[in-house]
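Working notes for the structure below.
The model shown is predicted, which means the values in this text are computed figures rather than measured ones.
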Amino acid sequence: MQDIARVYAEALFGAAKDHDKLDAIHDQLGQFADALGDNREMQMFFFSPYFSSVEKREALGRSVEGAEPELINFLELLAEKHRMPVLFRIRSEFDALWDKENKRLAVTVTSAVELDPQVIEQIRAEIEKQTDSEIEVSSRVDESIVGGLVLQVGNKVLDASIRNRLEKLRKSVATAA
């Protein structure tokens with residue numbers, strides 16, 4: 001399913017970029033996916049094999065009225081090929097492509113205690129400087145890490161927590177015994 005989502009997302013991304021509508025299609029795809037995610041009846045209709053492609057195409061015309069033609073054609077293709085259930089993964093893949101195109105990175109900072117906003121800003125600025133990307137930082141508290149920080153930058157994790165150090169120490173003691 002992930003491969004299918006990637007192929008469809010790349011196709012939509014390419015069409016959006018070629019027509020200089022990347023931001024508009026990104027926003028509209030997100031709005032449609034959110035609406036679909038929030039409405040169980042809509043999901044049952046679009047995901048069901050019992051409704052015809054024609055019925056789904058007509059419903060899409062009403063649902064995404066005013067959307068970019070490339071997005072409408074894309075959604076109609078998904079409905080016709082019975083690929084609508086993959087929409088949420090397609091959106092995730094499209095978002096990743098959009099973030100990369102716009103040089104944006106999501107960073108999650110996990111600490112044992114609530115961090116001062118100035119510290120979070122310093123972390124953001126340092127990562128932004130090193131990656132030449134716009135950084136969106138979210139922070140969370142996890143008392144189980146005991147101390148230190150865990151940074152998740154994109155799909156990479158830097159674990160400088162005391163819990164991690166204690167776990168490494170436990171493993172080295174266990175192998176030495």
Side-chain angles (χ1 to χ4, degrees), residues 1-110 120 123-124 127-128 130-142 144-145 150-159:
M1 281 292 201
Q2 197 65 34
D3 290 339
I4 292 169
R6 187 177 318 105
V7 168
Y8 277 100
E10 287 172 354
L12 178 61
F13 187 85
K17 192 171 179 178
D18 288 348
H19 292 95
D20 199 28
K21 297 178 179 179
L22 210 47
D23 291 338
I25 289 178
H26 175 258
D27 294 342
Q28 291 170 5
L29 177 63
Q31 290 170 359
F32 181 75
D34 288 344
L36 189 61
D38 292 341
N39 189 322
R40 184 78 178 130
E41 289 82 24
M42 216 168 128
Q43 288 176 31
M44 289 181 0
F45 175 77
F46 283 116
F47 296 175
S48 172
Y50 298 111
F51 296 100
S52 72
S53 297
V54 173
E55 291 171 308
K56 291 177 183 179
R57 186 177 303 121
E58 289 172 1
L60 277 170
R62 292 187 302 271
S63 300
V64 292
E65 195 172 304
E68 295 295 337
E70 293 82 5
L71 179 64
I72 294 170
N73 290 341
F74 177 78
L75 293 173
E76 287 176 350
L77 176 70
L78 289 181
E80 183 179 316
K81 299 290 185 185
H82 306 290
R83 298 285 192 204
M84 198 61 86
V86 187
L87 181 70
F88 301 112
R89 288 186 181 171
I90 292 170
R91 178 198 187 177
S92 178
E93 292 286 334
F94 190 93
D95 285 348
L97 292 167
W98 188 83
D99 285 344
K100 186 174 181 180
E101 178 74 17
N102 289 291
K103 293 187 173 185
R104 293 182 175 206
L105 273 176
V107 174
T108 303
V109 179
T110 305
I120 294 172
I123 292 169
R124 186 200 62 73
I127 295 171
E128 196 168 85
Q130 290 181 14
T131 62
D132 191 33
S133 295
E134 184 179 321
I135 304 299
E136 182 180 314
V137 177
S138 62
S139 67
R140 63 185 200 96
V141 175
D142 180 357
S144 73
I145 70 168
V150 177
L151 291 178
Q152 181 173 353
V153 181
N155 61 357
K156 295 179 181 163
V157 176
L158 170 65
D159 191 342

What's the separation between atom CG in Leu60 and atom CZ in Phe74, rounded to the nearest 0.5 Å?
11.5 Å
Minimum heavy-atom separation for Ala16 to Ile25, with atom names?
CB-CD1, 3.6 Å
Please name the pair of heavy atoms, one in Ser133 and one in Glu128, separated by the smallest distance, quoted to 0.1 Å.
O-CG, 2.8 Å
Determine, stepwise, if the pair Arg6 / Asp3 fulfils side-chain contact (heavy atoms from CB on, under 4.5 Å).
CA-CA 5 Å; Arg6 187 177 318 105; Asp3 290 339; 3.0 Å; yes
Side-chain contact test, heavy atoms from C-beta onward, threshold under 4.5 Å: evaluate it for Lys21 versus Pro69 and give yes or no.
yes
Minimum heavy-atom distance Met42-Ala35, with the two atoms named
SD-O, 4.3 Å
Spacing of CD belonging to Gln43 relative to CG belonging to Asp38, to within rounding of 0.5 Å
8.5 Å
Ring-plane angle category for Phe46 and Phe32, please: parallel below 30°, perpendicular beyond 60°, tilted otherwise.
perpendicular
Glu76 versus Ser53: any side-chain heavy-atom pair under 4.5 Å?
no
Could you measure the distance from the CZ atom of Arg57 to the CG atom of Leu77? Nearest 0.5 Å is fine.
9.5 Å
Val137/Val109 under side-chain contact (heavy atoms from CB on, under 4.5 Å): CA gap, chis, key distance, verdict
CA-CA 7 Å; Val137 177; Val109 179; 4.0 Å; yes
Could you state the interatomic distance from CG (Leu75) to CE (Met84), rounded to the nearest 0.5 Å?
5.5 Å
Decide yes or no for Val86 and Leu78: does some side-chain heavy atom of the first lie under 4.5 Å from some side-chain heavy atom of the second?
no
Would you give the length of the straight line joining atom CD of Glu136 to atom CD1 of Ile127, rounded to the nearest 0.5 angstrom?
12.5 Å
If you define the side chain from C-beta out and look only at heavy atoms, does anything of Lys81 sit under 4.5 Å from Tyr8?
yes
Checking side-chain contact (heavy atoms from CB on, under 4.5 Å) for the pair Leu36/Phe88: CA distance, chi angles, key distance, verdict?
CA-CA 9 Å; Leu36 189 61; Phe88 301 112; 4.1 Å; yes
Determine whether Val64 and Gln28 make a side-chain contact, defined as any pair of heavy atoms from C-beta on separated by less than 4.5 Å.
no
Is any side-chain heavy atom of Asp34 less than 4.5 Å from a side-chain heavy atom of Arg91?
yes
Apply side-chain contact (heavy atoms from CB on, under 4.5 Å) to the pair Glu134 and Asn102, showing each step before the final yes or no.
CA-CA 8 Å; Glu134 184 179 321; Asn102 289 291; over 6 Å; no
Would you give the length of the straight line joining atom CD of Glu68 to atom CG of Leu29, rounded to the nearest 0.5 angstrom?
12.5 Å
Ile135 vs Ile123 side-chain heavy atoms within contact, under 4.5 Å:
no
Can you tell me how the ring of Phe45 sits relative to the ring of Phe51, calling it parallel under 30°, perpendicular over 60° and tilted otherwise?
tilted
Between Lys17 and Leu22, which heavy-atom pair has the shortest distance, and what is it?
N-CD1, 4.0 Å
Is it the case that more than 12 heavy atoms not belonging to Glu80 sit under 6.0 Å from its CD atom?
yes
Distance-minimising heavy-atom pair for Glu70 and Leu12
O-CD1, 4.3 Å
Smallest separation among heavy atoms of Ala79 and Lys56, with atom names
CB-CB, 3.9 Å
If you count heavy atoms of other groups shown closer than 6.0 angstrom to CG of Asp18, is the number above 12?
yes
